[in-house]
Amino acid sequence: MPELPEVETVKKGIEKFIGNAEILDVIVNTYQLRTPIDDNFKNLICSARISHYRRKGKYLIIDLSNNYSLICHLGMSGHIKTLLKKPQNIEKHDHILIQTTNGWLVFNDPRRFGYISAVLTSKLDELPFLTKLGIDPFDKNFCGNVLYKKLQHRKTAIKPALLNQSIISGIGNIYASEILFAAGIHPLRPSCNLTVSECRKLAKNIRLILQQAIDNGGSTLHNYQQPDGSLGYFQNFHCVYNKTGQHCPKCSCKNKINGGIRKIVQDGRSTFFCPVKQK
Ligand SMILES: [Zn+2]
């Protein structure tokens, strides 16, 4: 499932390829995504020029010259391809094709949990799913003190708290495990038990891990790919995710001695951690 680093990578890839192009045409092959595509989608964005690219949590926002913005969430399995020419063969899950003066954008989503819509830019701040988003880890105000204030009254364990998009936006299941490992914090710790200094360490590692993932083009597990079709590489740097029983870097944990990296399930999601390193 695309998380903040993958969405940031997609944003950068599209921006580099399409830039401030004009939208010439829109082909909608499937209106029936989980949130259906608006009948008016094509009319709202055709002939507009792309003016700005941004990201909020896991949402990609493309501002247009006609006072509308394209807003997109990749859901569970969505990805956006950039192509110089119209694809000769439309793939099965190519739901939307956007022709611009600099090439084509193709929104493909096998599981259809993704979301794409055109909204008046001035009304973006009123969209319920955006207003309830918590602070972005790359917001200039994000720091350990802010994190401490957000966590100090929460009894929920820190791992599900990191996934709660109303506290911090953009972290998903892969990076939550990697971040807690990097910070040396046990995923079952109640959020309210974290000290200020642990929250500072956590905030620092949230940014560090996410930035390293962005620098490596995200993590390719399942079907994620960058807009130009290349894969992400950060999965090669995962320390604990999906590594049950293995030993983690620079640690004494070993499968035969203490079980190595453990897997537990919290709120229905897998968590991976090292019981030796994470306290
Ligand atoms: Zn270990």
Side-chain angles (χ1 to χ4, degrees), residues 1-6 8-9 58 134 137-138 142-148 150-152 154-165 167-222 224 231-279:
M1 180 172 177
E3 304 183 23
L4 186 156
E6 288 75 37
E8 185 68 26
T9 304
K58 300 180 198 172
F138 292 103
F142 179 73
C143 66
N145 292 351
V146 167
L147 196 54
Y148 180 74
K150 287 175 178 288
L151 296 177
Q152 64 178 329
R154 291 180 185 266
K155 290 179 182 145
T156 171
I158 185 61
K159 159 71 185 341
L162 288 181
L163 295 187
N164 183 338
Q165 301 296 300
I167 304 175
I168 311 166
S169 59
I171 302 173
N173 204 40
I174 298 170
Y175 296 113
S177 282
E178 293 297 324
I179 287 163
L180 287 173
F181 172 78
I185 295 170
H186 198 290
L188 289 170
R189 289 269 302 278
S191 304
C192 56
N193 280 9
L194 267 63
T195 63
V196 178
S197 80
E198 283 177 320
C199 285
R200 286 184 185 144
K201 198 172 178 191
L202 184 55
K204 189 179 135 202
N205 280 287
I206 287 172
R207 274 193 174 163
L208 191 72
I209 295 290
L210 295 177
Q211 187 60 55
Q212 285 173 354
I214 292 167
D215 293 343
N216 284 281
S219 299
T220 294
L221 301 168
H222 312 300
Y224 164 77
L231 304 177
Y233 293 99
F234 193 64
Q235 68 280 7
N236 299 323
F237 301 95
H238 290 174
C239 292
V240 288
Y241 187 81
N242 231 355
K243 293 184 185 286
T244 311
Q246 300 179 34
H247 72 91
C248 66
K250 298 176 190 167
C251 182
S252 62
C253 61
K254 282 203 170 53
N255 197 351
K256 284 181 183 162
I257 301 168
N258 46 24
I261 292 166
R262 304 265 172 90
K263 176 184 172 180
I264 54 172
V265 176
Q266 295 176 280
D267 290 359
R269 311 293 306 275
S270 300
T271 301
F272 300 89
F273 69 102
C274 170
V276 177
K277 191 174 161 175
Q278 293 172 252
K279 304 293 179 197

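Atoms within each ligand, like the ligands themselves, are counted from 1 in listed order. We number each residue from 1, following the sequence as shown. Please read these numbers as outputs of a predicted model, since none were measured by experiment.
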Heavy-atom closest pair, residues Ile214 and Thr9: O-OG1, 4.1 Å
Measuring from Leu162:CG to Ile179:CD1, what's the distance to the nearest 0.5 Å? 6.0 Å
Where do Tyr148 and Cys199 come nearest, in terms of heavy atoms and distance? CA-SG, 3.6 Å
If only atom types and distance count, is the side chain of Glu3 paired as donor or acceptor with the main-chain N or O of Lys58 below 3.5 Å? no
Could you go through residues 270-277 and list every donor-acceptor pair under 3.5 Å that involves a side-chain atom there, pairing it with any protein atom two or more places apart or in another chain?
from, atom 1, to, atom 2, distance (Å)
Thr271, OG1, Lys159, NZ, 2.9
Thr271, OG1, Gln266, OE1, 2.7

Any protein N, O or S atom under 2.8 Å from the Zn ion (ligand 1)? Found Cys248 SG, Cys251 SG, Cys253 SG, Cys274 SG
Please round to the nearest 0.5 Å and tell me the distance separating atom CD of Gln211 and atom CG of Asn205. 13.5 Å
